[in-house]
Structures are given as C-alpha cells and as structure tokens.
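I have placed the structure first, in the form of structure tokens, so that the comments after it can refer back to it.
These values consider heavy atoms only, across backbone and side chains, with no hydrogens, waters or symmetry-generated copies.
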Amino acid sequence: MSEKLIDQAIDLANQARALSDGAADLAREAARVGAETGAPLAEAVGPSPLVTGLTVFVLAIFVGYHVVWRVTPALHSPLMGVTNAISSVIIVGALIAAGTGGYGFSEIMGFIAVTLASVNIFGGFLVTHRMLSMFKKKQR
Amino acid sequence: MSHDLAALFYLVASICFILALRGLSHPETSRGGLRYGMAGMAIAVLTTLFILPEVNFVLILAGVIVGGSIGTMIALRIQMTALPQLVAAFHSLVGLAAVLVAAAAFYNPAAYGIGLPGDIKAASLIEMSIGAAIGAITFTGSIVAFAKLQGLVSGKPVVFPMQHWLNLALGILTVVLIVWMVAGQSATAFWLLVLLTLLLGVLIIIPIGGADMPVVISMLNSYSGWAAAGIGFTLGNNLLIITGALVGSAGAILSYIMCKGMNRSFFSVILGGFGGESAAAGGGGDEDRTYRQGAAEDAAFLMRNAEKVIIIPGYGMAVAQAQHALREMADLLKKEGVEVKYAIHPVAGRMPGHMNVLLAEANVPYDEVFEMDEINREFSETDVAFVIGANDVTNPSAKTDPASPIYGMPVLDVEKAQNVLFVKRSMASGYAGVDNPLFYMDQTMMLLADAKKMCEDIVKSLEA
C-alpha cells in the first residue's frame, strides 16, 4: 500500500518535472521569437505609440490654446518670434540624421536641416529678445 | 543616457517652452519667459546628443556654427519694420527642415528605429508623409509671403479661372500619393509628394492679397508647428509633438484674431482675391465733397490746448519712419500737461502686434498703448484724435453703410472725438480702396503731408 503511494508520488514528481521543463522550453522559445520579431513583450499590453502620441498631441493643443489666449495682444509679434524659434526644435530629428557617423544621403539631409534649424533658433530667439527689450514702462 | 531619462529631459524642455509662452502674458514677465525658451532648446539639443549611439560632432558643429552665425547676423541687423518678412523667411526654414528630416528618415529609417529601408512601419510612413507635405507647403508658401512682403513681387492677389478646382485636384492627388507611398514604400511617390506639395504651397498663397498678410503669416506660423508635430509622430518624440501642437495652436489663434480684426472669415481669406491695392479704383464718386485742410501750426495749437489726445498709428506711419518724431511730439504734449494715449487696431501693421513693437522701438512706454477694445469708449471724451498712417481702421462706414466693402469690420470710434486730425499724404483712399467719410466731417482737419515731415513740423511749432 505504502509502496504504491510512493510510486505514485514519484510518478507525479516526474510528471511535474517534465511539465516544468516544457514550460521552460516554451518560455525560451517565446523569448527567442520575441527577440527575432523585435517586439518587446510589454508593448503588447499598452496602447500603440501612435495613440500615445495622439494623446500627448491633443493635450498639448489644449495647453497651447489656454496659454496663448492669455498672451497680451501687445506681445503678439514676440509670440510669433518665440513660437518660430521653438518650432525649430525639429533640430532634434535633424541631429539624429546628421549624427550617425557616416556621410551618406541621410547625413547630408540631416546636416542641411541642422543648419537651417540653427538659423531659426539663434535668429528667432535673438530677434524676440530685441523686441522684448524695447518694451518699457513709463518713467515716473 | 537611457531612453527613459532622455524622455524625462524632453519633458522638462516641453515645460520650459510652455513657460516661455506663459511669460508673454505681460511685458514684465516676458523676458524671463524667453530665458525658459532658450533653456528648453538647450536641454533638447544636449539630450539628443547624449542619446545618440555615435555622434558626428564635426558635421553637427559645422551646421550649428554656420546656421547660428547667419541667424545671429540677420536678427541683429533686421529693421523692425521688416519684421514680417523676417518671420516669413524663418517659417520657410522650419518647413524645409521638416521636409529634409522626413527624407532622412525615409532613407535611413534604422537610425530613427522605425524599420529598415523598404520595410518601414505603415504608421511611420503616414506620419512622415504628412510631416513632409505640411513642411513643403510651409516652405514655398512662406517664400511667396516673404516675396510679397518684401515687395519682390506685387502684393496683388494672383487669380485665374478654375483656381480653386485646381487646388482641390492637387489636394486629392496629394492624398493619392500618400497612399501610394505607404502601400509601396516608394521613393518615387515620396519625391512626387514633395514636389506636388511645394507647388501647392505657392498656389495657396498667391491668391491672397497684401492686406491679408497678417492672416497669412499667422497661418504659416501655425503650419510650421503642425509640420514639426508630424515629424514628432514619425520619430515617436513627445517633445516635437508637444512643441508642434503649441506652435500650431498659437498660429491658429493669431489667424483667428486677425480674421476677426478684418471681419473676414478664415475661409474667405484662404480662397483669396481680396486685399489688392486697388486704391485708384476707389476714392472717385463724390469729388465735390469738401474737406478742411490744416497746417502743422493749427494742429499744434489744437493739441496744446487739449486735455486728452489719442494717437491712432497705422502702417503708413512705419513706412514713413515717423514713429520717433511722433513720440517726440507726444513728449512735448505731455510736458504741457496733455494726456496722451495710443490706440492700436488689431490689424495695424503687417503682422499681429507689429505696431506695438514699432512704438516700443520709438521708446513709447507700453502702458500708454491700448488695444481697440480697451480704448474705444474713451473717444467721446477725447479732445483730439490724431490719426497717422491709418485709414480703413477709422472708417465709420464700417459701422453704418452695409454697402461698404469693409462693413462689419470692427473700427476705432475716432469720429466721436471733438476734433480729428488726419495725417495723410494725399486724398487717395486706403488699402482696401474704400473712401473714408471721416475726411469730410465737420470736426476733421486734414493734414496733407508726409507723416514724418508733419510730425517734425508740429514739434517745431510746439517748441516755438
């Protein structure tokens, strides 16, 4: 009776080991497949990058709407200067293209874009600074 | 630097940009705001350089130094009257940069982590093509706007038959090309798309006349933001998306304000055909109407004995470079105990807020300068309204005559002042080619001369 029980226990233990081996194999397989397709497993859960980007985009439009309506009309020209300067944050994309180390087509495109955006960054901020430094209060 | 850390730094940069815009709610806080903007840009650039696996500093530094010195030189030399041209030119650069970044991403998608050449993710391709299309429209559109503002081409609207249908057809073709590009990963489609949208940018801006330029500049400002946001989606970069959205909404709001200032719907401005310099056509008709003409001495006498004078400057004042002489005149009046204020119409000047900058440049304190809505009810208790270089924005027929082309446009209630002094080179009509009944009213005295000369003459009489 007790021998039978022991045999059953050993059987169960063996089955459990076989199962765990199978699970480990599966996990390895899954990891390999995951690595091959380049899709991290976590990404399958959250929203796609497009939807995340869209969320940020729409919220930023709301922020922009409320902030810009509070800009005093007297400073609408400096507002254009500032927005012009900060829109050249596109330089981020240009830096990635220019900075790869090679000298191919993309790098040249990136280089020109870096140059153009730099004109804008320096020119935009400086001309806005010139405008703003002229706005003075009445001297009493 | 890990990508998470970089994303957090980008967030800091985004907040800096928001604070830069927030600072513009008052002149006192605006300079501090601008420093936030510069800091944000520095953070953005440095963070990007840190996350790149390999950085070609030679190429990047060369670009920044060349571009930076050109930008600095231009910004230091530009005349404030030429500000609208400058802004238009700068917008075109953002547009072109967006096109180039899109092209770089198309040919080297691996650098941006969006796939391999010929096997780019469909979503990225759509975002890329939209970014490139808006960028290209911004580029050529801004160049046309620049040429019109700079006087390189006529400010007259260019219209031809079937124009809107052509634009519509090209718009549909743009969508077709985007679909082709996404479906086929086709480089041909990409470049055709760029060429087509470059053409579209020209066609969209040429029918818009010189008088509508404030709207056009605001609109292009908005486009440059949307282009940056489009590229932001391609790169999956929240900083670009946020900044693009901020700039885009700022431009859209300014366009709306400018349209309202001219009582024109945004749609009718876009369709164009209005705002040409058809001055010669107007004016005619009632040539027998009489007006009273005065000299500088009369104007000086009137204003010296007034309690309150409101000055209404227009773009003509800036063209005549009269702002310094005008401020001198106002200073002398203030010394005599006269209260002097300036009234600014929303569309005075060639871009939003242009007149405020021009007055500030001439050392007019900003707390003497008022927006139309703030000051309009004060005209009835004003002794002298001094109109210089403005015309249509004072035209009372915008309120009374439904047949007038500018009917419904908000105007300054100049005719309610006890006396109106109207500085004008000749009796020709204004930018919109509309006759101004204000000239023939009893309380109006026309000062027919160059604005600068007239101000100087008034200064002389005041000093005498």
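Here NE2 of A/H66 is found 14.0 Å from CG of B/L21. Values are rounded to the nearest 0.5 Å. Distance check, rounded to the nearest 0.5 Å: CG of B/N356 to CE of A/M131 gives 11.5 Å. Considering CD of B/E361 and CZ of A/F135, their distance stands at 10.5 Å, rounded to 0.5 Å. Distance check: A/L132 CG to B/S30 OG gives 4.0 Å after rounding to the nearest 0.5 Å. Atom CG of B/N238 and atom CG of A/L59 lie 10.5 Å apart (nearest 0.5 Å). Note: A/I96 CD1 to B/I51 CD1 = 6.0 Å, rounded to the nearest 0.5 Å.
Heavy atoms closer than 4.5 Å to chain A are found in both the backbone and the side chain of B/A62. Using a 4.5 Å cut-off between heavy atoms, B/V94 touches chain A through backbone and side chain atoms alike. Heavy-atom distances place the side chain of A/I121, and not its backbone, under 4.5 Å from chain B. Heavy atoms closer than 4.5 Å to chain A are found in both the backbone and the side chain of B/S218. Only the side chain of B/L235 comes within contact range of chain A, with heavy atoms under 4.5 Å apart. Contact annotation for B/I242: both backbone and side-chain heavy atoms come within less than 4.5 Å of a heavy atom of chain A. Contacts between A/L54 and chain B at a heavy-atom distance below 4.5 Å involve backbone atoms as well as side-chain atoms. The part of B/F233 that comes within reach of chain A is its side chain, from C-beta onward, which places non-hydrogen atoms under 4.5 angstrom from that chain. Of the atoms belonging to A/I112, heavy atoms from both backbone and side chain fall under 4.5 Å from chain B. When heavy atoms are compared at a cutoff of 4.5 Å, B/L52 approaches chain A solely by way of its side chain, counted from C-beta outward. Contact of B/T48 with chain A is made through the side chain alone, with heavy-atom distances under 4.5 Å. For A/Y103, the part sitting under 4.5 Å from any heavy atom of chain B is the side chain, from C-beta outward, and nothing else. Residue A/V82 touches chain B through its side chain alone, counting heavy-atom pairs closer than 4.5 Å. For A/F105, the part lying under 4.5 angstrom from a heavy atom of chain B is the side chain only. In this structure, no portion of B/I65 lies under 4.5 Å from any heavy atom of chain A.
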Contacts table for residues 101-117 of chain B: side-chain donor-acceptor under 3.5 angstrom, sequence neighbours left out:
from: B/Y107; atom 1: OH; to: B/W191; atom 2: NE1; distance (Å): 2.8
from: B/Y112; atom 1: OH; to: A/G93; atom 2: O; distance (Å): 2.8
from: B/Y112; atom 1: OH; to: A/A97; atom 2: N; distance (Å): 3.3

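Residue B/Y36 qualifies as open at atom OH: its count of foreign heavy atoms under 6.0 Å is 12 or below. Heavy atoms of other residues, nucleotides or ligands lying less than 6.0 angstrom from CD of B/Q79 number 12 at most.
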Q | Pair B/Y10-A/V92, side chain to side chain contact (heavy atoms under 4.5 Å, CB included): steps then yes or no | A | CA-CA 10 Å; B/Y10 283 148; A/V92 165; 3.8 Å; yes
Q: Kindly indicate, with the supporting measurements, whether the criterion side chain to side chain contact (heavy atoms under 4.5 Å, CB included) is fulfilled by A/F122 and B/I74.
A: CA-CA 10 Å; A/F122 284 79; B/I74 297 173; over 6 Å; no
**Q.** side chain to side chain contact (heavy atoms under 4.5 Å, CB included) between B/V64 and A/S118, intermediate numbers included
**A.** CA-CA 5 Å; B/V64 171; A/S118 300; 3.7 Å; yes
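Looking only at heavy-atom pairs under 4.5 Å with chain A, the residue among B/G131, B/S249, B/G68, B/A97 that has the most is B/G68. The most heavy-atom pairs under 4.5 Å with chain B, out of A/N84, A/V127, A/L116, A/L126, come from A/N84. Between chain B and the residues A/V58, A/V114, A/I61, the largest count of heavy-atom pairs under 4.5 Å involves A/I61. Ranked by heavy-atom pairs under 4.5 Å with chain A, the list B/M351, B/M38, B/H91 is led by B/M38. By number of non-hydrogen pairs under 4.5 angstrom with chain A, the leading residue of B/R35, B/M41, B/H354, B/E28 is B/M41. Heavy-atom pairs under 4.5 Å with chain A peak, among B/I241, B/L359, B/L246, at B/I241. Between chain A and the residues B/G63, B/G353, B/G71, the largest count of heavy-atom pairs under 4.5 Å involves B/G63. For the options A/T52, A/T83, A/L79, A/V63, heavy-atom pairs under 4.5 Å to chain B are most numerous at A/T83. For the set B/N221, B/V99, B/I70, the entry with the most heavy-atom pairs within less than 4.5 Å of chain A is B/N221. Per-residue heavy-atom pair counts under 4.5 Å with chain B were compared for A/F111, A/F62, A/Y65, and the maximum is reached by A/F111. Annotation: maximal heavy-atom pairing with chain B below 4.5 Å, among A/T128, A/V67, A/V68, A/T115, occurs at A/T115.
Side-chain atoms of B/T243 never come within 3.5 Å of backbone atoms of A/I86 as a donor-acceptor pair (strictly under, hydrogens ignored). The closest donor-acceptor contact from the side chain of A/S77 to the backbone of B/P352 lies under 3.5 Å. Under a 3.5 Å cut-off, the side chain of B/R31 and the backbone N or O of A/H129 do not form any donor-acceptor pair. Here the side chain of A/R70 pairs no donor or acceptor atom with the backbone of B/R22 at under 3.5 angstrom. Checked by atom type and distance alone, the side chain of A/R130 never pairs as donor or acceptor with a backbone atom of B/M80 at under 3.5 Å.
Here the shortest heavy-atom pairing between A/F57 and B/A229 reads CE1-CB, 3.6 Å. Contact record, A/S87 with B/A228: O-CB, 4.1 Å, taken as the closest heavy-atom pair.
In this structure, the side chains of A/H76 and B/L254 come closer than 4.5 Å at one or more pairs of heavy atoms. The closest side-chain heavy-atom distance from B/V357 to A/P78 is below 4.5 Å. Between A/K137 and B/P365, every side-chain heavy-atom pair lies at or beyond the 4.5 Å cut-off. Between A/T72 and B/L24, every side-chain heavy-atom pair lies at or beyond the 4.5 Å cut-off.
Listed by chain and number, the residues in a salt bridge (charged side-chain N to carboxylate O under 4.0 Å, His left out) with A/K136 amount to none (sequence neighbours excluded).
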